[in-house]
Amino acid sequence: MNINANIEYIKSELANIYESREIQGFVSLIFEYLENISPIQIKMNGKQELSDGTCKKILEITKRLKNEEPIQYVLGYAWFYELKFIVNSNVLIPRMETEELVKWIIDEVLETKT
């Protein structure tokens with residue numbers, strides 16, 4: 001199966017659970033994780049065939065997402081303040097709001113030092 005066919009599979013399987021914008025984000029993350037390709041490369045190379053191993057991993061990832069498991073747990077990492085953290089179900093997923101709070105605190109501390 002090619003990239004486009006896998007994307008359609010992901011979208012059809014997740015359509016009743018997630019909004020289309022969130023699914024598109026999943027697609028980008030999945031292909032970056034599995035094939036190290038950007039969203040632009042996905043669009044440019046949609047007819048590129050994927051290995052059976054990659055297709056199998058896409059099926060597994062989609063199944064986990066269908067069970068509403070967070071994408072960070074599925075992929076095994078999350079970004080926080082430009083750092084990549086290993087995560088699993090025993091770890092809280094860093095939130096964007098927390099990152100904003102950390103930035104605010106750092107900015108405040110730096111301002112008081114000048």
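Numbers here are sequence positions counted from 1.
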Exercise. Does a sphere of radius 6.0 Å around CG in Asp107 hold more than 12 heavy atoms from other residues, nucleotides or ligands, not counting ones at 6.0 Å or beyond?
Worked result: yes
Exercise. Sequence neighbours excluded, which residues qualify as salt bridge (Lys or Arg N to Asp or Glu O under 4.0 Å) partners of Glu108?
Worked result: none
For this session: Report the residues that fulfil salt bridge (Lys or Arg N to Asp or Glu O under 4.0 Å) with Lys56, sequence neighbours left out, ordered by chain and then residue number.
Result: none
For this session: Spell out, yes or no, whether Ile71 and Phe31 are grouped together once hydrophobic residues are joined by side-chain heavy atoms under 4.5 Å, including indirect joins.
Result: yes
For this session: Output the distance between atom CG (Asn45) and atom CG (Leu50), rounded to the nearest 0.5 Å.
Result: 10.0 Å
For this session: Specify the closest pair of heavy atoms between Ser28 and Ile42, including all atoms of both residues, with the distance to one decimal.
Result: CA-CD1, 4.3 Å
Problem set entry | Candidates Ile3, Ile10, Asn6 - the one meeting side-chain contact (heavy atoms from CB on, under 4.5 Å) with Val27 | Ile10
For this session: List the atom of Thr54, the atom of Glu35, and the distance in Å for their closest heavy-atom pair.
Result: OG1-OE2, 2.7 Å
Seminar exercise, completed: Rounding to 0.5 Å, atoms OG (Ser51) and NZ (Lys57) come to a distance of 7.5 Å
For this session: Show your working on side chain to side chain contact (heavy atoms under 4.5 Å, CB included) between Val74 and Phe26 and close with a plain yes or no.
Result: CA-CA 11 Å; Val74 174; Phe26 291 159; over 6 Å; no
Exercise. Any chain of hydrophobic side-chain contacts (each under 4.5 Å) joining Ile30 to Trp79?
Worked result: yes
Exercise. Please walk me through it: do Glu97 and Arg95 pass salt bridge (Lys or Arg N to Asp or Glu O under 4.0 Å)?
Worked result: CA-CA 5 Å; Glu97 296 86 357; Arg95 296 176 52 112; 3.3 Å; yes
Exercise. What's the spacing between Glu32 CD and Asn36 CG if we round to 0.5 Å?
Worked result: 7.0 Å
Seminar exercise, completed: In terms of heavy-atom contacts, Val87 and Pro94 come closest through CG1-CD, 4.4 Å
For this session: List the steps and the verdict of side chain to side chain contact (heavy atoms under 4.5 Å, CB included) for Leu29 and Leu75.
Result: CA-CA 9 Å; Leu29 290 169; Leu75 301 181; 4.0 Å; yes
Problem set entry | Atom CG of Leu83: over 12 foreign heavy atoms under 6.0 Å | yes
Exercise. Between Tyr9 and Thr62, is there a donor-acceptor pair closer than 3.5 Å when you use the side chain of the first and the backbone of the second?
Worked result: no
Seminar exercise, completed: Sorted by chain and number, sequence neighbours left out, salt bridge (Lys or Arg N to Asp or Glu O under 4.0 Å) with Lys43 holds for none
Exercise. Under the side-chain contact (heavy atoms from CB on, under 4.5 Å) test, which residues partner Asn67, sequence neighbours left out?
Worked result: Lys63
Exercise. For the residue pair Ile17 and Lys66, what are the closest heavy atoms and their distance?
Worked result: CD1-O, 3.4 Å
Seminar exercise, completed: Closest non-hydrogen atoms of Lys47 and Asn2, given as atom of the first, atom of the second and distance, are O-CB, 3.4 Å
For this session: Report the distance from atom CD of Gln41 to atom CE of Met44, rounding to the nearest 0.5 Å.
Result: 7.5 Å
Exercise. Does Trp104 sit in a hydrophobic cluster with other residues, and if so which ones, taking ILVMFWY side chains as linked at heavy-atom separations under 4.5 Å, directly or through other members?
Worked result: Leu101, Ile105, Val109
For this session: Decide whether Phe85 and Tyr81 are clustered together by the hydrophobic rule: side chain heavy atoms of Ile, Leu, Val, Met, Phe, Trp, Tyr closer than 4.5 Å, transitively.
Result: yes
Exercise. Can you name the residues that form a salt bridge (Lys or Arg N to Asp or Glu O under 4.0 Å) with Glu49, not counting sequence neighbours?
Worked result: none
Exercise. Are Ile58 and Tyr73 joined in one hydrophobic group, where the rule is that I, L, V, M, F, W and Y side chains link up if heavy atoms are under 4.5 Å apart?
Worked result: no
Exercise. Are Leu59 and Met1 connected, step by step, through hydrophobic side chains (Ile, Leu, Val, Met, Phe, Trp, Tyr) whose heavy atoms are closer than 4.5 Å?
Worked result: no
Exercise. Should the heavy atoms of other residues, nucleotides or ligands under 6.0 Å from CG of Leu110 be counted, would the total exceed 12?
Worked result: yes
